A.B. asks: 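Quick one: structure below, then a few questions.
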Amino acid sequence: MRTQVGIVGGGPAGTLLSHLLHLRGIESVVLELRSREEVETTVRAGVLEDGTAELLRETGVGERMDREGAVHEGIELRFGGRGHRIDMTGLTGGRKIFVYGQQEVVKDLYNARLEAGGQIVFQAAATDLADLETSTPKIRFRRNAWLDVDAGAIRFRGDAEEEELTCDYVVGCDGFFGPCRAAIPDNVRTEHVRTYPFGWFGILVEGPPATEELIYALHERGFALVSTRSPEIQRLYFQCDPEDSVDNWPDEKIWEELRARLATEDGWTLEEGRIFQKNIVGMRSFICEPMQHGRLFLAGDAAHIVPPTGAKGMNLAVADVRVLARGLDEFYSTGRTGLLDSYSQTCLRRVWKASRFSWWMTSMLHRFHHEDDFRYRLQLAELDYVTSSRAASTSLAENYVGLPMEPQEEGELSAQRTGGAR
Ligand SMILES: Cc1cc2nc3c(=O)[nH]c(=O)nc-3n(C[C@H](O)[C@H](O)[C@H](O)COP(=O)(O)OP(=O)(O)OC[C@H]3O[C@@H](n4cnc5c(N)ncnc54)[C@H](O)[C@@H]3O)c2cc1C
């Protein structure tokens, strides 16, 4: 098999890249380990930055998002038994976020790619990358693959033979556990890691939204988040021990914990519903530098992970592939490689800023139970400051709705702050 750009992973990063390349007349093949149904039903991210929503709209895959997604103009920070609204739209010159599930974004992208005759090979596992430092890099893969989640291993049905996809460029959009990152040699690759001493206990609930805007709460017992995925499905989280088991948490105990952490002096009540999924996710920050080697580029979770507190993971994946699509476009239309050569540097500037924001939100909103009360009191003071100072609220708001996707757009931020034109 031969293609111009071989993409490993058909999550948001890989599928959007394939779509952006198609719009520029560049051919690609996406290899995705899981079945289409599995990817389309995995509920993960749900907060789209202003720029992410705009990109989907501009490239013709935002119609359902605009119809079915929810526009949010603010978030609530809740502490000391009171809620404080951050008016994101008012503080950022009219920008907002969209609540629209990652699985819905991927569904829209799959439909667009498949209708345009795009090639997404489902249940195909990349096993090895080769010749990355030549002009004909290769992806070795096997079809009929499936992910054995319990064992954390890839398995194959029948005797699937190894095949080879020869490309001009290979892009690793294979998430944190995929094989592409390891193809950057150890002596070239640096991995920055921060593991947090807590996890998130997440539930999916059938029922209407409990609030109009997302609530981020800090309570003596720990963090809680009230979020939504659609008018019918709600997403709630609370901070937990990352080693805890969902089996220790019957439904009533979960609601009791959430009620305690979200309680307010004015008697706000939490809308409850049928819990149909429970899971625990660990919290870590991770950045791989550089994000490219030879003719291999990494994008999205394959290159970086942020704790979900800042709602940045999928948005970073989108920003990466936007930069990469422009670089590949430059190469195919002019033969120049300037944008491709600076891909890693361009992306990492934004990735580090989003990591800082995600780390800051995480540090401000979680209980560090192993530390003394001094830290907790500082966190409360910081929340008090953030919610009472216009400058501090603006800083949170502009990060939350999304920093500019590429350096040339950075002038827009200062224009928003001064209310002037660029
Ligand atoms: C609980 C939770 C909540 C989150 N909330 C938010 C949020 O509100 N906002 C936000 O922006 N982000 C959020 N995120 C993060 C977001 O989900 C990820 O950042 C996003 O999925 C990254 O997209 P990706 O395409 O880079 O990687 P993935 O979505 O991980 O896609 C990688 C794909 O590669 C495939 N793959 C892996 N190995 C192979 C192989 N060997 N061969 C072929 N294919 C392979 C996988 O099957 C997968 O489909 C959240 C994450 C979690 C876990």
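Small disclaimer: the values here were computed from a predicted structure and weren't measured. No hydrogens, no waters, no symmetry mates; every other heavy atom, side chains included, goes into these values. Numbering of ligands and ligand atoms starts at 1, following listing order.
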A.B. asks: Side-chain donor-acceptor pair under 3.5 Å between R194 and S355, yes or no?
C.D. replies: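 Short answer, no.
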A.B. asks: So is P12 polar-close to ligand 1, meaning N/O to N/O under 3.5 Å?
C.D. replies: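 N/O-N/O distance under 3.5 Å: yes.
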A.B. asks: Looking only at distances, please establish whether an N/O atom of ligand 1 is found under 3.5 Å from an N/O atom of N315.
C.D. replies: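 Yes, at least one N or O pair falls under 3.5 Å.
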A.B. asks: Ring-plane angle category for F286 and F176, please: parallel below 30°, perpendicular beyond 60°, tilted otherwise.
C.D. replies: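 Ring orientation of F286 relative to F176: perpendicular.
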A.B. asks: Hey, looking at atom 41 (N) of ligand 1, which of G101, G310, A126 has the closest heavy atom?
C.D. replies: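 Ranked by closest heavy atom to atom 41 (N) of ligand 1, first place is A126.
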A.B. asks: Where on Y237 is there a heavy atom closer than 4.0 Å to ligand 1, on the side chain, on the backbone, on both, or on neither?
C.D. replies: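 Within the 4.0 Å criterion, Y237 contacts ligand 1 through side-chain atoms alone.
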A.B. asks: Are any of the N or O atoms of F176 closer than 3.5 Å to those of ligand 1?
C.D. replies: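 No; the residue has no nitrogen or oxygen that sits under 3.5 Å from a nitrogen or oxygen of the ligand.
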A.B. asks: Should the pair F201 and F238 be assigned to parallel (<30°), tilted (30 to 60°) or perpendicular (>60°) ring geometry?
C.D. replies: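 If you compare the ring of F201 with that of F238, the planes turn out parallel.
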A.B. asks: Using a 4.0 Å heavy-atom cut-off, say whether Q102 meets ligand 1 through its side chain, its backbone, both or neither.
C.D. replies: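 The answer is the side chain of Q102.
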A.B. asks: Is the number of heavy atoms from other residues, nucleotides or ligands under 6.0 Å of E371 CD greater than 12?
C.D. replies: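 Yes.
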A.B. asks: What protein heavy atom sits nearest atom 33 (C) of ligand 1, and how far away is it?
C.D. replies: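 The protein heavy atom lying closest is E32 OE1, 3.6 Å.
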A.B. asks: Between F198 and F223, does the ring centre distance come in under 6.0 Å?
C.D. replies: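 Distance test on ring centres: not under 6.0 Å, no.
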A.B. asks: Taking D50 as the fixed residue, which of R95, K96, R57 is the one that meets the salt bridge (charged side-chain N to carboxylate O under 4.0 Å, His left out) rule?
C.D. replies: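 One option only clears the test, and that one is R95.
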A.B. asks: Which residue and atom name correspond to the protein heavy atom nearest atom 13 (C) of ligand 1, and how close is it?
C.D. replies: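 In this structure, atom 13 (C) of ligand 1 has A45 CB, 3.0 Å as its nearest protein heavy atom.
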A.B. asks: Between E49 and K312 (salt bridge meaning N to carboxylate O under 4.0 Å), is one present in this structure?
C.D. replies: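 Salt bridge flag = yes for K312 with E49.
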A.B. asks: For atom 51 (C) of ligand 1, which protein heavy atom lies nearest, and how many Å away is it?
C.D. replies: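 Its nearest protein heavy-atom neighbour is R44 NE, 4.0 Å.
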A.B. asks: Side chain or backbone of A302 under 4.0 Å from ligand 1, or both, or neither, by non-hydrogen atoms?
C.D. replies: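 Neither; no heavy atom under 4.0 Å.
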A.B. asks: Would you say the side-chain atoms of H72 and E212 include a donor-acceptor pair closer than 3.5 Å?
C.D. replies: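 The answer is no; no qualifying pair exists.
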A.B. asks: Below the 3.5 angstrom mark, is there an N/O of D301, backbone or side chain, next to an N/O of ligand 1?
C.D. replies: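 Indeed, backbone or side chain, D301 has an N or O that close.
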A.B. asks: I need the atoms of ligand 1 closer than 4.0 Å to a non-hydrogen atom of A125, numbered in the order shown.
C.D. replies: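 Close to A125: 42 (N).
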A.B. asks: Indicate, as side chain, backbone, both or neither, the part of P179 found under 4.0 angstrom from ligand 1 when only non-hydrogen atoms are considered.
C.D. replies: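 For P179, the contact with ligand 1 is made by the side chain alone.
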A.B. asks: Suppose I only count heavy atoms of G313 and a 4.0 Å limit; which atoms of ligand 1 are within that range?
C.D. replies: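 Every atom of ligand 1 under 4.0 Å from some heavy atom of G313: 10 (C), 11 (O), 12 (N), 15 (C), 19 (O).
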A.B. asks: Taking atom CD of E206 as the centre, does the number of heavy atoms from other residues, nucleotides or ligands within less than 6.0 Å exceed 12?
C.D. replies: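 It does: E206 CD has more than 12 such atoms within range.
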A.B. asks: Looking only at distance, does M314 have an N or O less than 3.5 Å from an N or O of ligand 1?
C.D. replies: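 Yes, there is a polar N/O contact under 3.5 Å.
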A.B. asks: Just to confirm my output: which protein heavy-atom neighbour is closest to atom 44 (N) of ligand 1, and how far is it?
C.D. replies: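 Answer, as residue, atom name and distance: L33 N, 3.1 Å.
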A.B. asks: Heavy-atom distance under 4.5 Å between the side chains of L129 and P179, does that happen here?
C.D. replies: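 Contact flag for L129/P179 side chains = no.
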